[in-house]
Amino acid sequence: MKRFLMIFTFLLCILSYKNVYALNECTSSELQRLRELANNVSFTYEYKKEEYLEEDTYTVKTAYYSVTAHNLSDELTVRLKNDNSLVFTKEKPTLNNFLNGSLVQIELVAYTKNLCSGRVIVTKNVELPYWNKYSEREECNLYPEFKYCSEFGRYNITDEEFLSELEKYKGKDEKEPDTNLEENSLTKFFGDYGLYFLGGLGGVIVIAFLIVFILKKRKKDSDL
């Protein structure tokens with residue numbers, strides 16, 4: 001009887017272990033559920049311009065970005081790939097001081113009570129545009145279409161090169177007429193008024209012919 005109880009207890013332990021493992025295992029359906037949670041997480045960013053004091057005036061030098069996570073889940077740890085200590089949480093969804101124009105890689109890791117916990121479910125990239133410091137210059141208020149005046153873009157130029165290229169742009173803008181615009185205007189003019197022009201020209205020719213004919217006839221009559 002004692003031996004039977006030992007065997008029964010042993011089998012019961014094995015069955016219980018299997019049931020617990022089945023509840024805790026990382027199934028494909030559980031991974032799919034976690035992927036859906038991860039895909040629902042989104043990120044936004046904004047930049048703040050950094051100013052430095054130069055010769056008693058503040059000069060904008062660069063920009064730093066903050067990144068904010070949305071739709072966070074308690075079953076996911078959302079952290080930076082290159083620094084696992086920096087984590088987006090519901091209490092602190094925004095991380096700051098990302099470099100201008102950098103690529104932010106973010107891991108979404110399972111934080112569950114089953115064996116999926118610790119698995120990287122999705123890695124997302126947030127590409128931060130490079131803010132162009134030259135867009136803050138006074139010249140860009142006058143010439144916003146100048147190639148180095150766009151708000152975003154990485155231009156490895158000096159202040160002297162900026163001014164030199166701006167002078168070329170200003171000279172081209174003032175001296176060179178838009179030939180395409182002139183050609184299009186002439187084409188439109190003849191398209192709209194061509195028939196009237198030809199009709200008027202034909203009328204002038206007929207009148208001139210009649211005048212010549214009348215003058216010749218009068219001369220001929222006077223000679224008689």
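Predicted model, so just to flag it, every value in this text is computed and none were measured.
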*Backbone N/O of Leu166 and side chain of Tyr148: donor-acceptor pair under 3.5 Å*: no

*For Ser135 and Cys140, work out which heavy atoms get closest and say how close.*
O-CB, 3.8 Å

*Which distance, rounded to the nearest 0.5 Å, do you find between the CG of Asn71 and the CZ of Phe43?*
10.0 Å

*Passes side chain to side chain contact (heavy atoms under 4.5 Å, CB included), Asp74 versus Tyr111? Steps please.*
CA-CA 7 Å; Asp74 292 332; Tyr111 184 68; over 6 Å; no

*asked:* Before you tell me yes or no, could you show the steps for Arg33 and Glu36 under salt bridge (charged side-chain N to carboxylate O under 4.0 Å, His left out), namely the whole-Å CA-CA distance, both residues' side-chain angles and the distance that decides it to 0.1 Å?
replied: CA-CA 5 Å; Arg33 186 183 71 84; Glu36 290 175 0; over 6 Å; no

*Can Leu86 be reached from Leu99 by stepping across I, L, V, M, F, W or Y side chains whose heavy atoms are under 4.5 Å apart?*
no

*pair Ile106-Leu80: side-chain heavy atoms closer than 4.5 Å*: yes

*Which distance, rounded to the nearest 0.5 Å, do you find between the CZ of Arg119 and the CG of Leu34?*
10.0 Å

*asked:* Quick one: does any side-chain atom of Asn82 pair with a main-chain N or O of Gln105 as donor and acceptor, under 3.5 Å?
replied: no

*Inter-residue atom distance Ile157.CD1 - Glu165.CD, 0.5 Å rounding*: 8.0 Å

*Could you state the interatomic distance from CD (Glu136) to CH2 (Trp131), rounded to the nearest 0.5 Å?*
4.5 Å

*Step by step, would you call Tyr169 with Phe146 a ring pair (Phe, Tyr, Trp, His ring centres under 6.0 Å)?*
CA-CA 7 Å; Tyr169 173 81; Phe146 178 48; 5.4 Å; yes

*Treat each ILVMFWY residue as a node, draw an edge where side-chain heavy atoms are under 4.5 Å apart, and state whether Phe88 and Val122 are in one component.*
yes

*For the hydrophobic clusters of this structure (ILVMFWY residues joined by side-chain heavy atoms under 4.5 Å, transitively), does one cluster hold both Val109 and Val87?*
no

*Please report the shortest heavy-atom distance between Ala110 and Cys116, naming the atom on each side.*
CB-O, 3.2 Å

*asked:* Tell me which one of Lys81, Lys124, Arg79 satisfies side chain to side chain donor-acceptor pair (under 3.5 Å) with Glu107.
replied: Arg79

_Leu108 reachable from Leu31 in the ILVMFWY side-chain graph, under 4.5 Å edges_ = yes

_Criterion side chain to side chain contact (heavy atoms under 4.5 Å, CB included) on Leu115 and Glu30, from CA distance to verdict_ = CA-CA 10 Å; Leu115 295 178; Glu30 174 67 358; over 6 Å; no

*Ala69 and Leu72: which non-hydrogen atoms are nearest, and at how many Å?*
CB-CD2, 3.8 Å

*What do you reckon, is CD of Gln32 surrounded by more than 12 foreign heavy atoms closer than 6.0 Å?*
yes

*asked:* Do Val126 and Val120 sit in one hydrophobic cluster, given that two such residues count as connected whenever their side-chain heavy atoms are within less than 4.5 Å of each other, even indirectly?
replied: no

*Kindly compute the distance separating CG (Asn97) from NZ (Lys48), expressed to the nearest 0.5 Å.*
9.0 Å

*Before giving the answer on ring pair (Phe, Tyr, Trp, His ring centres under 6.0 Å), spell out for Phe98 and Tyr45 the whole-Å C-alpha distance, their side-chain angles and the decisive distance to 0.1 Å.*
CA-CA 10 Å; Phe98 291 99; Tyr45 56 79; over 10 Å; no

*Can you measure from OH (Tyr64) to CG (Leu128) and round to the nearest 0.5 angstrom?*
13.0 Å

*side-chain hydrogen bond (donor to acceptor under 3.5 Å, both in side chains) with Asp83: which residues, sequence neighbours excluded?*
Ser85

*asked:* Walk me through whether Glu160 and Leu163 qualify under side chain to side chain contact (heavy atoms under 4.5 Å, CB included).
replied: CA-CA 5 Å; Glu160 291 75 15; Leu163 293 173; 6.0 Å; no

*Show your working on side chain to side chain contact (heavy atoms under 4.5 Å, CB included) between Glu161 and Tyr155 and close with a plain yes or no.*
CA-CA 11 Å; Glu161 288 172 326; Tyr155 307 113; over 6 Å; no

*asked:* Looking at Tyr47, I'd like to know if its OH atom is crowded, meaning that more than 12 non-hydrogen atoms belonging to other residues, nucleotides or ligands lie closer than 6.0 Å.
replied: yes

